[in-house]
Amino acid sequence: MKLAVVGTGYVGLVSGVCFSELGHDVICVDQLESKIEQLQQGKSPIYEPALDELIQKNIQEGRLKFTTRLSEAVQASDVIVLAVGTPSLPDGRANLNYIEQAAKEVGEALNSFKIIVIKSTVPVGTNERVHEIVSENTMYPFEMASVPEFLREGTAVSDTFNPDRIIIGTSGEVAKNVLVELHKPLTEKIMITDIRSAEMIKYASNAFLATKISFINEIANICEKVGADVTQVALGMGQDKRIGGSFLKAGIGFGGSCLPKDTQALIQIAGQMDYDFKLLKSVVEVNHNQRFNIITKLESKLMDLSNKTIALWGLAFKPETDDVRDSPAFEIIQELLKRGAVVRAYDPIAVDNFKRHYKFEGVNYTDSPEESAKEADALCILTDWKEFRDISPKLILSWLTSPILIDGRNIYSDEEIINTELHYDSIGRPNLIKGNKEQKSMLLL
Ligand code: NAD
């Protein structure tokens, strides 16, 4: 099959590359020349495991091309996939400027029958709007489909090759047959729906995942008060098949380019229909507050944070990605600086992106975890990179001036902490692992 993918971000690039790996001829389009130049040289502009190798392999084998010329890509293809961004507007609604612009350009470029697929996350009714825009700009026939994307950053390639399901929302017979054929090698679980339901499935899925995270974070906050351990609670809950264990990891809340914007957008979609989505509003509020637990926990140990050196490990919103959009680290740093703390931050991959997105005066970005923690007054773990798990708490203790470790992602177990003198705090776990010898000895009994 011949495909054009418009937008080479996390979704468009990964989808385009994976389709080329399946044997299709793919042309990826982006309006950013610098991105396309880098891709033409076989280098991915984003960090995503296994992506660079696949880009190079498929360029070499002649199935994958990159261009800024949308019309050429469209004219050479049978299926056009729109994967441009739909970021939040200030009021939380999805900004559809990019998708509408791309629709206009696709319409102007059509030279024969094509299938137009929207992979971007878009409010219900957007496919119909895109249909209208394309129709206004072409005489040629086309069919539309909504094929929402569910990949996760950090495991995007593997998710694309092993999806839980594929949703195809379309009323077009040709589009249905062609898109089933395209996705069949990935999974047998292909669900055909009407377009509006497909658009809604994406928002409802993300809203549900966000709800699970905020739910377990609230349970964690209660666990702290009643002396229960949220990691045990989540394990016990998750074994119930009706609940399931994923997205029950307490921490400092969700971030990234999807859950924050998609929850806000769904609240707005509901609001426009005079429906007050109270549950989701609470999910968003709980999530926002959760990140500030780091500050509360630091203040409970150090009192005044002014002139204290605070080491932060993790700037990306989650491990295995360099995406820093809506990362909790941003507001945590803002609060620390407001209180006069000296911030030393480390991330294995995301420092450059973080610096580009957030212009902080006075944050010292380090090249290693040790450099950031050395002689600091406290260390806070904000992202659960494997690199951090591999560093022993004893080593951390030897680096710090005062032995305070706030583990915002619960990466260390009781056993790892219990034999150190660290004043350790984490999310939703009992106070006994805080360097208190009496409590430690009770645990060891
Ligand atoms: P992104 O911001 O990383 O990339 C979007 C790309 O589109 C940019 O490179 C931009 O230059 C390009 N672009 C915009 N307008 C264009 C035009 N007219 N012509 C050519 N290129 C154009 O976005 P993303 O994270 O890949 O997300 C894309 C969509 O997929 C969003 O709707 C998002 O909600 C959804 N989504 C994202 C993820 C994720 O994990 N990032 C997962 C599922 C769904």
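As the structure lists them, so they are numbered: ligands from 1, and atoms in each ligand from 1. Worth saying up front: this structure is predicted, and the values here are computed from it rather than measured.
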- Task: Using only heavy-atom distances, determine whether the side chains of Gln75 and Asn111 contain a donor-acceptor pair under 3.5 Å.
- Result: no

- Side chains of Trp313 and Thr383: is there a donor and an acceptor less than 3.5 Å apart? no

- Message: Whether the Glu416 and Ser413 side chains hold a donor-acceptor pair (N or O, under 3.5 Å, no angle test) is what I'd like checked.
- Response: yes

- Nitrogen or oxygen of Arg152 less than 3.5 angstrom from that of ligand 1: no

- Query: Less than 3.5 Å between some nitrogen or oxygen of Gln101 and one of ligand 1, yes or no?
  - Reply: no

- Message: If the cut-off is 4.0 Å to any non-hydrogen atom of Lys261, which atoms of ligand 1 fall inside it?
- Response: 33 (C), 34 (O)

- Task: With heavy atoms of Gly85 as the reference, note each atom of ligand 1 found under 4.0 Å away.
- Result: 5 (C)

- Message: With a 6.0 Å cut-off (strictly less than), is the heavy-atom count around CZ of Arg93, excluding the residue itself, greater than 12?
- Response: no

- Determine yes or no for a side-chain-to-main-chain donor-acceptor pair under 3.5 angstrom, with Ser426 supplying the side chain and Arg429 the backbone. no

- Query: Considering Ile36, Ile99, Leu151, Asn97, which one's heavy-atom position lies nearest to atom 42 (C) of ligand 1?
  - Reply: Leu151

- Message: Using the rule given for ring-ring contact (aromatic ring centres under 6.0 Å, His included), can you reason through Phe254 versus His288, listing the C-alpha separation, both sets of side-chain angles and the distance that settles it, and then say yes or no?
- Response: CA-CA 9 Å; Phe254 58 78; His288 188 240; over 10 Å; no

- Message: Quiz question: by atom type and distance under 3.5 Å, do the side chains of Gln268 and Asp91 form a donor-acceptor pair?
- Response: no

- Task: Starting from atom 38 (C) of ligand 1, locate the nearest protein heavy atom and write down its residue, its atom name and how far away it is, to 0.1 Å.
- Result: Cys258 SG, 3.2 Å

- Message: Check whether Phe317 forms a cation-pi arrangement with Arg325 (NZ or CZ under 6.0 Å from the six-membered ring centre, at most 45° off the ring normal).
- Response: no

- Give me the ring orientation class for His131 and Phe142: parallel if the planes are under 30° apart, tilted from 30 to 60°, perpendicular past 60°. tilted

- Message: So if I count the atoms of ligand 1 from 1 in the order they appear, which ones are less than 4.0 Å from some heavy atom of Ser257?
- Response: 41 (N)

- Query: Judged by atom type as modelled, is there a donor-acceptor pair below 3.5 Å linking the side chain of Ser327 to the main-chain atoms of Phe330?
  - Reply: no

- Atoms in ligand 1 flagged as close to Lys35, the criterion being non-hydrogen separation under 4.0 Å: 8 (C), 9 (O)

- Message: Counting only nitrogen or oxygen atoms and a 3.5 angstrom limit, does Tyr98 reach ligand 1?
- Response: no

- Message: How far is atom 4 (O) of ligand 1 from the closest protein heavy atom, and which atom is that?
- Response: Gly9 CA, 3.2 Å

- Classify the ring geometry between Phe277 and Tyr275 as parallel (under 30°), tilted (30 to 60°) or perpendicular (over 60°). perpendicular

- Would you please test Thr321 and Asp323 for side-chain hydrogen bond (donor to acceptor under 3.5 Å, both in side chains) and show each step? CA-CA 5 Å; Thr321 181; Asp323 198 342; 5.1 Å; no

- Is there a donor-acceptor pair closer than 3.5 Å between any side-chain N or O of Asp347 and the backbone N or O of Ala316? yes

- To which protein heavy atom is atom 21 (N) of ligand 1 closest, and what is the distance rounded to 0.1 Å? Gln31 N, 3.3 Å

- Task: Ignoring hydrogens, just give me the one of Asn95, Val84, Thr86 whose non-hydrogen atom is nearest atom 29 (C) of ligand 1.
- Result: Val84

- Task: Give the residue and atom name of whichever protein heavy atom lies nearest to atom 27 (O) of ligand 1, and the separation in Å to one decimal.
- Result: Val11 CG2, 4.1 Å

- Leu32: numbered ligand 1 atoms lying under 4.0 Å from its heavy atoms: 11 (O)

- Item | atom 7 (O) of ligand 1 - nearest protein heavy atom and its distance | Gly7 CA, 3.4 Å

- Taking N or O atoms only and a 3.5 Å limit, does Phe150 qualify as a polar contact for ligand 1? no

- Message: Would Tyr10 count as being in polar contact with ligand 1, using the rule that some N or O on each side must be under 3.5 angstrom apart?
- Response: yes

- Item | Atom indices of ligand 1 within 4.0 angstrom of Glu105 heavy atoms, with elements | 18 (N)

- Query: Just distances here: any N/O of Thr121 and N/O of ligand 1 closer than 3.5 Å?
  - Reply: yes

- Task: For the pair Lys57 and Glu53, find out whether any cationic side-chain nitrogen is under 4.0 Å from an anionic carboxylate oxygen.
- Result: no

- Note the single closest protein heavy atom to atom 19 (N) of ligand 1, along with its residue, its atom name and the distance in Å. Val6 CG1, 3.6 Å

- Which is it for Ala83 and ligand 1 at heavy atoms under 4.0 Å: side chain, backbone, both or neither? backbone

- Task: Can you pull out the closest protein heavy atom to atom 2 (O) of ligand 1? Residue, atom name and distance to 0.1 Å, please.
- Result: Arg325 NH1, 3.3 Å

- Item | atom 11 (O) of ligand 1 [closest protein heavy-atom partner, distance rounded to 0.1 Å] | Asp30 OD1, 2.6 Å

